[in-house]
Amino acid sequence: MPEQTDQPLGRAFFDRHVAEVAPDLLGRVLVCTLPEGTVTLRLTEVEAYNGRDDPGSHAYRGRTPRNEVMFGPPGHVYVYFTYGMHFCMNLVTGREGHSSAVLLRAGEVLDGVDLARQRRTTARKDHELAQGPARLTMAIGVDRAFNGADACGDGIPFRVLAGTPPDPALIRTGPRTGVSGAGATTSWRFWIDGDPSVSPYRAHVPKRKPSGASGNAATHAGS
DNA sequence: AACCGGATCGTCT
DNA sequence: GACGATCCGGTTG
């Protein structure tokens with residue numbers, strides 16, 4: 001019988017509720033083909049962001065130029081720039097207009113390890129190549145230029161294969177990383193238990209508020 | 001292993 | 001003008 005694991009996922013896969021799609025993406029294989037070569041990645045950690053109902057979502061406050069892709073059809077790639085230097089990548093889910101997406105947080109590089117290492121020179125071990133959302137985009141060569149790309153098209157530059165979903169007993173859920181407030185209560189982070197490429201859990205870091213806002217240091221960083 | 005701060009800029013108020 | 005869906009290197013234990 002034909003190998004099911006190499007079958008690309010169709011658009012219908014992504015046209016479901018984000019909380020259903022996100023855990024179902026674990027173990028799937030993202031293929032990124034660029035002129036330099038191809039890197040394939042087995043997804044091991046994801047987070048769901050539920051559109052307008054979700055205080056943690058970029059779409060929470062409605063449509064803006066940045067989050068426009070989230071409001072588009074499912075199966076497309078939403079890339080955003082953060083912390084002045086990093087890119088993160090999502091797969092849009094649900095019907096057009098619903099603005100939900102799954103953040104790809106970590107994966108295991110299956111193929112193209114040499115190319116991934118060239119892009120991630122600080123990685124010591126292979127499991128660190130895509131351990132974290134910004135590391136993941138670095139490893140596969142994704143930046144702003146890929147915002148809006150179709151992951152259910154001809155496979156250039158993206159394709160998502162069925163892969164081998166993990167034993168359901170190994171799927172763990174927990175609160176999302178870096179999301180505070182009402183959105184932190186929902187367990188919309190999903191990962192494969194025990195996989196070495198899953199980014200270490202960091203407890204919510206309470207950002208220290210400047211109490212007494214007098215004489216704050218210079219905002220112009222001179223040196 | 002855990003904690004801390006710097007880097008660096010687009011996006012929205 | 002403030003603050004990130006973060007990463008990295010240095011320091012401390």
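In what follows, every chain begins at residue 1, and chains take the letters A, B, ... in the order their sequences are listed. Just so it is clear, the values below take in all heavy atoms, side chains as well, and ignore hydrogens, waters and symmetry mates.
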Q) For His58(A) and dC12(B), what is the distance between atoms NE2 and P respectively, to the nearest whole Å? A) 9 Å
Q: Check whether any side-chain N or O of Thr137(A) sits under 3.5 Å from a backbone N or O of Ala134(A) as a donor-acceptor pair, and report yes or no.
A: yes
Q: Side chain of Cys88(A) only, please: which of dC12(B), dT8(B), dT6(C) is the nearest?
A: dT6(C)
Q | Gln131(A) CD - dC8(C) P separation (whole Å) | A | 10 Å
Q. Tell me: CE of Met89(A) to P of dC7(C), nearest whole Å?
A. 15 Å
Q | Pair His58(A) and Tyr80(A), ring centroids less than 6.0 Å apart | A | yes
Q | Proximal nucleotide (of dG9(C), dT13(B), dA5(C)) relative to the Thr122(A) side chain | A | dG9(C)
Q. Phosphate oxygens OP1/OP2 of dA5(C): is one of them under 4.0 Å from a side-chain N or O of Thr82(A)?
A. no
Q.
Quick test of your reading of the model: are Asp126(A) and Arg117(A) salt-bridged, counting only N-O distances below 4.0 Å?
A. yes
Q) Stacking here means centres under 5.5 Å and planes under 30°; does Tyr83(A) stack on dA7(B)? A) no
**Q.** dT8(B) pairs with, by Watson-Crick or G-U criteria that keep both distances under 3.5 Å
**A.** none
Q. When the distance from CE of Met85(A) to P of dT8(B) is rounded to whole Å, what number comes out?
A. 6 Å
**Q.** Verdict with reasoning, Glu108(A) to Arg42(A), per salt bridge (charged side-chain N to carboxylate O under 4.0 Å, His left out)
**A.** CA-CA 5 Å; Glu108(A) 171 196 1; Arg42(A) 175 174 172 267; 3.3 Å; yes
Q.
At 4.0 Å (heavy atoms only), tell me whether Arg120(A) reaches a base, stays on the sugar-phosphate, or touches nothing.
A. sugar-phosphate
Q: Please determine if a side-chain N or O atom of His86(A) lies less than 4.0 Å away from the OP1 or OP2 oxygen of dT8(B).
A: no
Q: Give the rounded distance in Å between these two atoms: CG of Leu129(A) and P of dC8(C).
A: 11 Å
Q.
Measuring from the side chain of Arg61(A) (C-beta onward, heavy atoms only), which nucleotide among dC7(C), dA5(C), dT13(B) has the closest atom?
A. dT13(B)
Q: Measure the distance from CZ on Arg124(A) to P on dG9(C) and round it to the nearest whole Å.
A: 8 Å
(Q) Quick check for you: among dA5(C), dG10(B), dC12(B), whose closest atom lies nearest to any side-chain atom of Ser57(A)? (A) dA5(C)
Q: Answer yes or no as to whether dG10(B) has its base stacked against Phe81(A), where stacking requires a ring-centre separation under 5.5 angstrom and planes under 30 degrees apart.
A: no
Q.
Just the rounded figure in Å: distance from P of dC7(C) to CZ of Arg105(A).
A. 7 Å
(Q) Tell me whether Glu128(A) is salt-bridged to Arg120(A), with the criterion being a basic N under 4.0 Å from an acidic carboxylate O. (A) no
Q | Partner nucleotide, any strand, of dA5(C) [Watson-Crick/G-U, under 3.5 Å] | A | none
Q: Using atom CZ of Arg66(A) as one end and atom P of dT11(B) as the other, report the distance to the nearest whole Å.
A: 7 Å
Q | Contact under 4.0 Å: Arg135(A) side-chain N or O vs dC8(C) OP1/OP2 | A | yes
